[in-house]
Amino acid sequence: MQTKYIVVLGSLLSGLGKGVVTASISKILDFYDCRSMPMKFDGYLNYDCGTMNPFRHGEVFVLDDKSEVDMDFGTYERFVGADMDGSLSITGGKLFSELIKKERKGDFLGRDVQFIPHLTDLIISKIRDASERLKLDFLIIEVGGTVGDIENSYFIEAMRQLSLAEKTVFVNLTYVPRLSSVGEQKTKPTQIANRNLMQLGIRTDIMVCRAETKLSSEVKQKIALFSNISQDMIIEDPEIDNVYSMPLEFMEQGMDKAIFGKLEIKAPKLNRLKVEAWANATKGMRRHKNKVRIAIVGKYTNLKDSYASVSAAVEHSANWHKINPEIVWIESDLIKDDDSAKSALGNISGMIIPGGFGKRGTEGMIKAIEYARTNGIPCLGICLGMQLMAIEYARNVCGIKDADSSEFNRRAANKIIDLMENQRSLEEKGGNMRLGSWPMSIRENTLAMEAYGSDKAAERHRHRYEFNNAFRTEMEKHGFVFSGISPDGELVEIIEWPNGKGIGTQSHPEFKSRPERPSPLFNVLIKRASDYLKFSA
Ligand code: GLN
């Protein structure tokens with residue numbers, strides 16, 4: 001069928017979970033065996049998220065095809081299940097650089113290049129390309145930011161133009177506050193936000209209302225009246241502790257019927273097996289009798305979004321093992337010696353050292369790793385975490401006291417972690433780390449083999465530094481295990497402690513974890529953690 005378009009906009013404020021709404025709609029359409037995919041527009045002028053600080057923007061998500069994209073893509077992939085590609089991430093930076101390249105080539109000779117039609121046409125052409133290439137029944141377009149922002153105004157105008165040419169449904173996410181002084185839900189912000197959208201030539205088809213409590217029927221009536229929609233086009237977006245229940249929650253309220261109805265298409269047959277599989281994989285989340293306490297010892301812990309996929313992967317694996325996860329966030333700077341390590345890590349089931357850049361906080365992570373290794377606490381090191389597990393082992397077991405990474409000390413005598421030749425000559429910073437999906441070979445009788453159950457696996461990467469092969473033999477002599485190596489034998493991908501409790505990977509396995517298919521390495525961590533120390537929930 002010809003692609004239909006569903007545009008998800010936020011008209012009132014950010015932070016309401018447009019990504020979850022977009023992902024849920026895509027999941028609902030998948031329940032009907034329709035081919036759909038989310039696409040995201042971001043107005044910032046960066047080419048991609050690769051050069052952004054996670055403290056400001058949350059985690060940088062990485063796709064198989066090396067794209068460094070907005071963290072919403074993590075939400076999309078976790079819901080949709082399919083692997084996405086970078087052409088679905090459109091930023092202001094990508095658009096303007098393409099447009100200016102065309103202008104320099106002479107594509108617009110004699111004309112002044114304008115937002116309308118040149119930029120808006122380019123946006124629409126990206127939409128059409130993606131729909132055709134991916135053979136989509138539905139493309140669900142999330143416009144980042146809020147209606148009224150300068151940054152996304154040209155995207156919104158392009159969506160208005162799209163709706164003139166194609167069957168398009170506009171989903172408007174808003175917020176209905178409750179004033180405690182009068183004990184009433186207030187609809188005025190939604191009315192005004194909707195009016196602002198109408199001034200831009202867009203009418204809301206489906207209104208998704210985020211609210212702390214259920215909407216009263218008077219409130220629904222009022223929103224419907226002032227937004228020119230019927231009440232069954234108002235979908236509540238309640239506060240819930242399990243985001244994965246959202247697609248089913250929306251379906252119960254008739255989101256599926258609303259979409260098919262607005263597009264004037266007959267609803268395809270619901271694939272009940274898919275609905276059941278999703279419900280079974282997600283409904284038990286955080287409802288189990290026991291729990292494991294997993295410490296994440298990182299350097300960006302003040303903004304939890306910096307580690308969104310790591311916590312999601314913990315959640316998926318814990319649920320898979322029918323146990324609740326309690327994540328304890330530990331700022332690594334606070335671990336300075338044995339005493340502080342003991343007070344931070346004395347009562348945990350397992351530990352994760354996540355990815356990161358730069359020296360700050362790394363000595364605290366190394367201390368935490370030493371504490372976990374010497375006390376037999378299960379540990380998973382991710383990217384920077386793996387590199388630090390190698391440095392800790394080199395220093396404290398192999399006796400290479402000044403073992404270091406050239407990222408932290410360029411003049412270090414013993415660079416256990418170092419830049420590969422191909423990274424040394426790079427002058428620019430954007431898009432040139434080791435990125436995207438990389439294959440590896442897994443060694444027999446290792447934790448890695450227990451995790452993957454195969455001698456081959458692939459995970460996504462995002463880093464510049466690597467384990468320095470000059471130290472492989474020496475560390476192996478001291479028991480350090482190299483259990484995952486690139487197929488050409490050159491790159492160390494997975495390392496392990498000889499005690500069978502610690503594993504570190506140069507990749508970011510969290511990016512491929514899904515509720516229905518948790519990450520193999522997180523599964524090993526959670527299994528070891530629940531054998532080590534369980535609590536009642
Ligand atoms: N800073 C390290 C590197 O670039 C690790 C990166 C990461 O953890 N993603 O190699």
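Counting starts at 1 for both ligands and their atoms, following the listed order.
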**Message:** Less than 6.0 angstrom from the centroid, inside 45 degrees of the normal: does Arg35 satisfy that with respect to the ring of Phe138?
**Reply:** no

**Asked** What protein heavy atom sits nearest atom 4 (O) of ligand 1, and how far off is it?
**Response** Arg464 N, 2.9 Å

**Request:** Step through it carefully: locate the ring centre of Tyr244, locate the ring centre of His316, and say whether they are under 6.0 Å apart.
**Result:** yes

**Item:** Proximal ligand 1 atoms for Glu407, defined as those under 4.0 Å from one of its heavy atoms
**Value:** 1 (N), 2 (C), 3 (C)

**Prompt:** How are the rings of Tyr154 and Phe96 set relative to one another: parallel (under 30°), tilted (30 to 60°) or perpendicular (over 60°)?
**Reply:** perpendicular

**Complete:** One finds that the ligand 1 atoms under 4.0 Å from a non-hydrogen atom of Leu384 are 5 (C), 7 (C), 8 (O)

**Asked** For the residue pair Phe73 and Phe61, is the inter-centroid distance of their aromatic rings smaller than 6.0 Å?
**Response** no

**Asked** So, does Gln387 sit close enough to ligand 1 that a heavy atom of it is under 4.0 Å from the ligand?
**Response** yes

**Complete:** Among non-hydrogen protein atoms, atom 7 (C) of ligand 1 lies closest to Cys383 SG, 3.0 Å

**Atom of Leu88, atom of Met84 and distance for their closest heavy-atom approach** = CD1-CE, 3.7 Å

**Item:** Salt bridge present between Glu331 and Lys299 (N-O < 4.0 angstrom)
**Value:** no

**Prompt:** Of all the heavy atoms in His508, does at least one lie under 4.0 Å from an atom in ligand 1?
**Reply:** yes

**Request:** Flag the pair Lys527 and Glu450 as a salt bridge only when some basic side-chain nitrogen lies within less than 4.0 angstrom of an acidic carboxylate oxygen.
**Result:** no

**Request:** Under 4.0 Å, heavy atoms only, figure out whether ligand 1 is touched by the backbone of Met433, its side chain, both or neither.
**Result:** neither

**Item:** atom 10 (O) of ligand 1 [closest protein heavy-atom partner, distance rounded to 0.1 Å]
**Value:** Tyr465 N, 2.8 Å

**Message:** Nearest non-hydrogen contact with atom 6 (C) of ligand 1 belongs to which option: Gly356, Ser406, Gly355?
**Reply:** Gly356

**Prompt:** Taking heavy atoms and a distance under 4.0 Å, where does His463 meet ligand 1: side chain, backbone, both or neither?
**Reply:** both

